[in-house]
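So the structure is just underneath, and the comments pick up after that.
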Amino acid sequence: MNRLLFVMTLLAVGYLAGSCTDDDEYTQGVWMRRSDLDGVARGYASSFTIDNKGYLCCGLRGTNKTYLKDLWVYDMDGDYWTQCADMPDEAIGRHSAASFALNGKGYVTTGAQKNETTNLADTWEYDPNTDTWTQKDDFGGGARYGALAFSIGGYGYVGTGYNDNHLKDFYRFDPAAASGQQWKIVNGFGGYKRYYGTAFVIDDVAYICCGQNNSTLVDDLWRFDGTDWKQLRDIADTDDDEDYDDDYAITRMGAVAFVIDGRGYLASGSRSGVTSDYWVYDPDQDLWYGDSDDDFTPMTDVHNVSSGASSRAYAVSFSTGKRGFVLTGASGTSYFDDVYELLPYEQEEVD
C-alpha cells in the first residue's frame, strides 16, 4: 500500500470503525452526487471558483452544436444553482474557452465557434458583485481553443491550445494594467505543445500536465511559480531506472483538476476512450497515486446514486482548496448536466 493511501486510510478508519468486518473490501474516496446544473447539459464548458461558489459558462450541446454563453453559479454550502447574466451580445457563444478567477472576479478568454472554423481571442471579465461583464484586451497570443489557464501571484496566465497548429506559448494577464497593455508574453516553458491540457494550483504554484499534441498524449509535468518553470517527473512510465511509475495511467486529454488540502486531484478525460478514474498528486514527493490497482473509487461508482455516473471527458471542475467537484462533460454525442463531489478521505465499500 502506498504511503499516501496509507495515510488516507488511517483518516478514514474513524468513519468505518464499528461497521467493517474482516471480509469487507473498500476503495479510497467517495463520490457524492450533488444538485444538477439547472441549465442545459453541455460539454467543453468553462469554469472558475470565487470563495465557496463555482461559476460555469459557455460550452456546446446537441448534434447541431449549440454554442452557449450563459452563466450559472453553484452555491457549494447550500447545494443549489442560480442563473447569472449571460455574456454580452458582443461575445460569441463558444466552447473550449480558457477561464480563471482573480481578485474576486472571473475571466473567460479564447475558445471556438462554428465547428472550430472560428477561433476567438476576446477576453471578458465577470464581476459577481454587480452581475456584469466587461470586455478587456484580447488575449495576447491570438485566437485559439483548448488552452489552459490558472492564476498565481496576483496575475492570470493562459497558454497552449490549438489554432490549426498545436501551441505552447504563455501570456500573463494583469487586470490593473492600462488598456492595450494587459497581456504580456511569458518565456521559459520548455514543455510539449498541447491542447486540452490540465492545470492546478497548490500554494500559489501552478502545475501543468496532460493534453494532446499531433494525436499523441503528452507525458510531461511542469511547475511554475510566476518566475521560473521546472520540469518534474513524467506522468508515464518513461524512466527505466525507477519503478515508481510502473503503474502510471495518467496521460489523457480533456481532464479536470482540483486541489484538496495541498494535493492535486486529476479526474475524467480521454485516453483510448473516456475515463472515470482519478489520480492524486503529492507535490512534496513529486509522485502520483491512483487506481491502477483498483484502489481508488472511480467516478462511475457514486455513493448516493445506485445507477452511478457516466465516464466522460471535457468536463469542468470547481475547487476551493478544501472541496472538489466535477460536473458536465461529454461522451461521444452525449452531454451531461450532473455534478459530483469527491470526499477523498472516506472509503466506498466494494459490492
Side-chain angles (χ1 to χ4, degrees), residues 2 4-5 8 27-31 47 49 54 100 146-150 160 191-192 194-203 205-212 217-224 231-238 244-245 247-301 309 311-331 340-345:
N2 64 57
L4 178 58
L5 181 56
M8 296 171 78
T27 54
Q28 192 65 43
V30 168
W31 290 97
S47 67
T49 304
F100 57 92
L148 55 80
F150 54 86
T160 69
Y192 295 124
R194 74 195 68 207
Y195 73 153
Y196 292 122
T198 308
F200 54 92
V201 174
I202 300 174
D203 295 331
V205 174
Y207 296 82
I208 297 166
C209 62
C210 298
Q212 179 174 285
L217 297 175
V218 300
D219 56 21
D220 54 342
L221 171 65
W222 291 77
R223 73 188 299 274
F224 178 61
Q231 187 169 8
L232 304 171
R233 289 169 169 166
D234 289 345
I235 60 172
D237 184 2
T238 58
Y244 65 84
D245 56 359
D247 296 322
Y248 275 9
I250 305 167
T251 56
R252 63 195 65 198
M253 63 186 297
V256 299
F258 50 88
V259 173
I260 298 176
D261 294 335
R263 294 189 176 96
Y265 289 74
L266 181 77
S268 67
S270 177
R271 289 172 58 82
S272 56
V274 291
T275 66
S276 63
D277 59 343
Y278 79 93
W279 290 77
V280 185
Y281 179 69
D282 184 339
D284 294 331
Q285 301 180 65
D286 188 20
L287 291 175
W288 292 85
Y289 303 94
D291 75 341
S292 55
D293 295 322
D294 297 324
D295 291 330
F296 283 39
T297 310
M299 189 174 163
T300 48
D301 187 358
S311 300
R312 67 196 64 199
Y314 312 109
V316 297
S317 62
F318 299 148
S319 179
T320 67
K322 293 294 183 180
R323 302 177 70 181
F325 299 78
V326 179
L327 58 154
T328 67
S331 176
Y340 300 92
E341 180 179 5
L342 177 65
L343 308 180
Y345 303 129

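Values below: every heavy atom of this structure, side chains too, minus hydrogens, waters and symmetry copies.
Looking only at distances, a side-chain donor or acceptor of Arg312 sits under 3.5 Å from a matching main-chain atom of Thr328. Checking side-chain atoms of Thr297 against main-chain N and O of Val30 turns up no donor-acceptor pair under 3.5 Å.
Here the closest heavy-atom approach between residue Trp31 and residue Pro298 is recorded as CD1-O, 3.3 Å. Between Thr300 and Ala309 the shortest heavy-atom distance is CG2-O, 3.1 Å. Considering every non-hydrogen atom in both Asp245 and Ala236, the closest pair reads OD2-O, 3.2 Å. Listed here is the closest heavy atom pair of Ala313 and Gly269: CB-C, 3.6 Å. Closest heavy-atom contact between Ser331 and Ser311: CB-O, 3.7 Å. The shortest non-hydrogen separation linking Phe258 to Gly324 is CD1-CA, 3.4 Å.
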Note to self: Applying side-chain contact (heavy atoms from CB on, under 4.5 Å) to Leu221 and Arg233, what does each step give before you reach the verdict?
What the structure shows: CA-CA 6 Å; Leu221 171 65; Arg233 289 169 169 166; 5.8 Å; no
Review point. Is there a side-chain contact (heavy atoms from CB on, under 4.5 Å) between Tyr248 and Thr238 once you walk through the steps?
Key: CA-CA 10 Å; Tyr248 275 9; Thr238 58; over 6 Å; no
Exercise. Do Ile235 and Trp279 pass the side-chain contact (heavy atoms from CB on, under 4.5 Å) test, and can you show the C-alpha distance, the side-chain angles, and the key distance before you say yes or no?
Worked result: CA-CA 11 Å; Ile235 60 172; Trp279 290 77; over 6 Å; no
- Message: Checking Phe318 against Thr49 for the side-chain contact (heavy atoms from CB on, under 4.5 Å) test, could you report, in this order, the C-alpha distance in whole Å, the side-chain angles of both residues, the deciding distance, and whether it holds?
- Response: CA-CA 6 Å; Phe318 299 148; Thr49 304; 3.7 Å; yes
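Atom OH of Tyr195 is surrounded by more than 12 heavy atoms from other residues, nucleotides or ligands within 6.0 Å.
Of the inter-residue distances, the one linking Asp234 atom CG with Asp286 atom CG reads 9.5 Å to the nearest 0.5 angstrom. Taken to the nearest 0.5 Å, the OH atom of Tyr192 stands 5.0 Å off from the CG atom of Asp219. For the atom pair CD1 of Ile250 and SG of Cys209, the computed distance is 8.0 Å after rounding to the nearest 0.5 Å. In this structure, OG1 in Thr198 is found 10.0 Å from CE in Met253, a value given to the nearest 0.5 Å. The distance from the CD atom of Gln28 to the CG atom of Leu342 is 9.0 Å, given to the nearest 0.5 Å. In this structure, OG1 in Thr251 is found 11.0 Å from CG in Asp220, a value given to the nearest 0.5 Å.
Aromatic ring orientation, Trp288 versus Tyr281: tilted (interplanar angle from 30° to 60°). Classified by interplanar angle (parallel below 30°, tilted 30° to 60°, perpendicular above 60°), the ring pair Phe296/Tyr278 is tilted.
In summary, Arg252 and Asp277 engage in a salt bridge, as defined by a charged side-chain N under 4.0 Å from a carboxylate O.
Annotation: side chain of Ile208 is in contact with side chain of Phe150 (closest heavy-atom distance under 4.5 Å). Using a 4.5 Å heavy-atom cutoff, the side chains of Tyr265 and Pro344 are in contact. Put simply, the side chain of Leu266 reaches to within 4.5 Å of the side chain of Cys210, judged on heavy atoms.
Side chains of Asp261 and Tyr345: a donor-acceptor N/O pair is present below 3.5 angstrom, by distance only.
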